[in-house]
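Okay, so here's the structure we're looking at.
In the text below, chain A, chain B and the rest are named by the order of the sequence lines, each starting its count at 1.
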Amino acid sequence: MSQTFRWQRTHTCGDLRPGNTGEQVILTGWVQSTRDHGGVIFVDLRDRWGRTQVVFHPEDAALIEQAKRLNMESVIGIRGRVVERPPEMVNPQIETGRVEVVADRLEVLNRARPLPFVIKDPPEALEETRFKYRYLDLRRPAMQRNLLLRHRAAQVVRRYFDENEFLEIETPVLMKSTPEGARDYLVPSRIHPGKFYALPQSPQTYKQLLMVSGFDRYFQIVKCFRDEDLRADRQPEFTQIDVEMSFVDEEAVFTVMEGLMSRLFRETLNREIILPFPRISYDEAMLKYGLDRPDLRFGLEIQDLGDLVPGCGFEVFEQVIRSGGAVRGFRLPGAGTFSRKQVDDLTAFVRNFGPKGLIAVQFQPDGVKSPVSKFVAAGWMERLRSRFGVETGDAVLIVASDKKGVCDALGNLRNKLAADFGLIDRSRMAPLWVTEFPLLDWDSGENRWVAMHHPFTAPRPEDIPLLETDPGKARARAYDLVLNGSEIAGGSIRIHQSGMQSTLFRLLGIDAETARRKFGHLIEALDYGAPPHGGIAFGFDRLVTILAGESSIREVIAFPKTTSAISLMDGCPSEVEPAQLAELGLKWITS
RNA sequence: GGGGCCGUAGUUCAACUUGGUUAGAGCGCCGGCCUGUCACGCCGGAGGUUGCGGGUUCGAGCCCCGUCGGCCCCGCCA
C-alpha cells in the first residue's frame, strides 16, 4: 500500500503471451471477477485491451488478506511474475488464456461501490438502466468493440478522402433557420434578442458554397440536428459523412462512394464487397419491393396483378383498379398452412399502412383456400398460381388499395415476414443505388409541392419541360445508397444556376421574397461562377450500426438519447434559471 | 398527435385462468467454508412506498381514471 509506488503499467490486460513467461509485469485495470478458493484467489483484471488472470497464493498472508477484500469493478494495480499455465488450465476463451500473473503486490487505486448491474455481455440490464449508467454500460466489451469499430470507420473515411484530394472543412453549427425540411433546433441569440440561430439539419448550403469557392472536393464528419420524433434508427443529433464534388455527374459520385464503401468493409471487417453496386430506379423499387430502400437479402418480390383484374369477378379488385389504385402481391412459401389467426395478424399489420385488408390465397393440398374463392371466375386461381410460380403449400398475399397504400403495406409486410421467418441471409451485404427519384412530392396537408430530396436538387435535363406541365412526373438527379434495406446515404447533383433554383423555389410555393431572405446568399453565389456540382451524405451512425451487426443506432453512439429525446444519464433537457431566460429576452409561457 | 407492449428487491424476472393471509426466484450485496478456478462451488443472511396520484371494493401488485418514464410502430423525419 505504498503511497510512493509508481503504478505505471508495463503491459495491458490483453498483451501477455507465453513469450512473456518469467517477466515481472505491472498491470492496471478493473476487477472483472474474483474467485476465492479459500487458499488461492483468482482475479480477472480487465481493461480496454482484454482480460488477464491474476493469481494470489496463500503464502503471503498480508497480500491474500488484501485480495480477499477485492470487489467487482474496483480499479487496482498489481505487480507480479508471468507464468505459463499447464495445458489443462489454459482458458481458450481469452487471448491471454495461456498465461497468468502471480501477484506479489496489490493496491486498490479506487474501490467501487456495488454496481447497479453486472458488467457482462450480453447485458443483463434493461436499456433504461444501461442509459442511466451509460459510463458503466460502455465498459462492456461489446460496447467497447462498437466504439472501436466506429473510430476505425471514421479513420478510414478520413484517409480515403484525403488520398483522393478531398478537404475536410468545418462548417458552422450556428446557422440560419430554413423553412424547408425537418423542424430546426433553435438557439436564441443574446446579442440580438428575439433572433435565433438554428442548428444544422445538414451543412447543405455551406458545402455548395464551398464548391462555388473552388475547393472542388469537400468532406466532413459532422453532427446534424433534427427536432423530429425518434425511432430505433433515428436520434435528434446524428453524424453524417458529408461530401460534395465539383464538375461531376452521378457516375463520378457513385464511383468515389463505391470506393469508400469498399475500403470501409475491407479495413473494418476485412470483407470484400463486389463493385459496382447494382442500381434500380425508384419506380422499379416501389413496384418490386414496395419501398425505396429495398432489402435484397431475400426474395418475396412483389408482382403487379392489374392485368389479371379486369373481368376477374371480384368487385373489390375491379373497383380499386377502375379508381386508379393497384392490386399487387407476393408469394410466401409455406404460408399455405397459416392459421386463421396468423392471417388475421398479418391483416392487422397491413391496416397500419392504409389498406383495409389483406387477401391471403392459400394453396393447400386439397384445394385453394381464400376469402375471394367464391367470387373469382373459374380458372383465375390457376392464372394466379402460374403468375407467381406457386407450389402447393404456398400462399399469395394480395393487397388492393391506392398505390401508396399498396406499396407501403406490401413493402413493410415483406420485411416483417422475412424477419419473422428467418428468410434474411445475415451473412450477406446487399448494397444498391436507387436512382431516378421524383423531384417533387405532393403534400396534401399543405396543399403544395415539396422537394422529395431537398430544394437544391437538379431535375433530370429531359424532364425540365415537365416542370411547367406536370411537375409530379419530373424526375430528380437524386440517388440513395441502400444497404440491407437501410438508407445509409442520399444525395444529388445540385442546381448550379440561379434561374433554375428560382424556378424550383417557385414550384415549392416559396415566394421570391422568402427565397431571397432565406437563401439569397446561395442564389446570389450561383451567379458568381458556380461550377456544376453534386454530392452525398452518409448516415454514419446507421452505417456503423450495420457494420457492427447491431439493430439499434443507440448501440454505436456513446451517449444516446431515449425515444423522447431525453438523456437519462445527465437529465437533459432541463430547466434553466430565470436570469438566463431574461438575458436572452425570453419568457416562459405556460400553454 | 395516434396505436401497441411494459414499469414489482441494487438488478433481471415471477406472483396462475377471474382481486384474498406473510409479494417469491436468479444474479449482485453481506457473513462463513473451500488451494486451480475462469459464469468456481457449498452453507447462511440482509434487502420491497409493487413508478407516482386518485378511484372502485370488506380487501388492489392485479380492476378503473389520470400522470411520469422506457421500448416498438404510424404520422413526422427536405
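If you take CG of A:Leu230 and P of B:rG70, they are 10 Å apart, rounded to a whole angstrom. Straight-line distance from the CD atom of A:Glu73 to the C1' atom of B:rU11: 14 Å, rounded to whole Å. Note: CG (A:Leu568) to P (B:rG7) measures 18 Å, nearest angstrom.
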Every protein N/O lying under 3.5 Å from an N/O of nucleotides 26-37 of chain B:
from: B:rC34; atom 1: N3; to: A:Asp36; atom 2: O; distance (Å): 2.9
from: B:rC34; atom 1: N3; to: A:Gly38; atom 2: N; distance (Å): 3.3
from: B:rC34; atom 1: N4; to: A:Asp36; atom 2: O; distance (Å): 3.4
from: B:rC34; atom 1: N4; to: A:Asp36; atom 2: OD1; distance (Å): 3.3
from: B:rU35; atom 1: O4'; to: A:Val40; atom 2: N; distance (Å): 3.4
from: B:rG36; atom 1: O6; to: A:His57; atom 2: NE2; distance (Å): 3.4
from: B:rG36; atom 1: N1; to: A:Glu100; atom 2: OE2; distance (Å): 2.9
from: B:rG36; atom 1: N2; to: A:Glu100; atom 2: OE1; distance (Å): 2.6
from: B:rG36; atom 1: N2; to: A:Glu100; atom 2: OE2; distance (Å): 2.9
from: B:rU37; atom 1: O4'; to: A:His37; atom 2: NE2; distance (Å): 3.2
from: B:rU37; atom 1: O2'; to: A:Arg35; atom 2: NE; distance (Å): 3.4
from: B:rU37; atom 1: O2; to: A:Arg35; atom 2: NE; distance (Å): 2.6
from: B:rU37; atom 1: O2; to: A:Arg35; atom 2: NH2; distance (Å): 3.1
from: B:rU37; atom 1: O2; to: A:Gln53; atom 2: OE1; distance (Å): 3.3
from: B:rU37; atom 1: N3; to: A:Gln53; atom 2: OE1; distance (Å): 2.8
from: B:rU37; atom 1: N3; to: A:Gln53; atom 2: NE2; distance (Å): 2.9
from: B:rU37; atom 1: O4; to: A:Gln53; atom 2: NE2; distance (Å): 2.7
from: B:rU37; atom 1: O4; to: A:Arg85; atom 2: NH1; distance (Å): 3.3

Using the 3.5 Å cut-off, write out each protein N or O paired with an N or O of nucleotides 44-48 of chain B and the distance between them.
none

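When atom types are taken as modelled, the side chain of A:Asp541 and the backbone of A:Thr239 share a donor-acceptor pair closer than 3.5 angstrom.
Electrostatic pairing of A:Glu84 and A:Arg17 does not count as a salt bridge here, judged by no charged N lying under 4.0 Å from a carboxylate O. Between A:Glu73 and A:Arg139, at least one side-chain N (NZ, or NE/NH1/NH2) sits under 4.0 Å from a carboxylate O, which counts as a salt bridge. Under 4.0 Å is where a charged nitrogen must lie from a carboxylate oxygen, and between A:Asp104 and A:Arg79 at least one such pair does.
In this structure, A:Ser202 and A:Thr563 both approach RNA chain B, and ranking their closest nucleotides by distance from the 5' end singles out A:Thr563.
Using P as the reference atom, B:rG61 and B:rG51 are 10 Å apart when rounded to the nearest Å. For B:rG44 and B:rC52, the P atoms lie 33 Å apart once the distance is rounded to whole Å. To the nearest whole angstrom, the two C1' atoms, one in B:rA60 and one in B:rG54, are 13 Å apart. For the P atoms, the distance from B:rC71 to B:rC30 is 32 Å, rounded to whole Å. Nucleotides B:rU18 and B:rC13 have their C1' atoms positioned 23 Å apart, rounded to a whole Å. Nucleotides B:rU12 and B:rG19, compared at atom P, are 28 Å apart to the nearest Å.
Comparing B:rG10, B:rC77, B:rU12 against the side chain of A:Thr129 picks out B:rU12 as the nearest. With B:rC40, B:rA39, B:rC76 as the choices, the nucleotide that has an atom nearest any side-chain atom of A:Arg231 turns out to be B:rC76. Out of B:rC77, B:rG70, B:rU12, the shortest distance to the side chain of A:Thr562 is found at B:rG70.
For B:rC77, its base sits under 3.5 Å from the side chain of A:Arg234 at one donor and acceptor pair at least. For A:Asp229 and B:rG75, a side-chain-to-base donor-acceptor distance below 3.5 Å is present, hydrogens and geometry of angles not being considered.
At the heavy-atom level, A:Thr178 lies nowhere under 4.0 Å from the strands shown.
Aromatic rings of A:Phe519 and A:Phe456 (six-membered ring for Trp) have centroids within the 6.0 Å cut-off, being under it.
Put simply, the residue from A:Arg113, A:Arg111, A:Arg69 that forms a side-chain contact (heavy atoms from CB on, under 4.5 Å) with A:Ser74 is A:Arg111.
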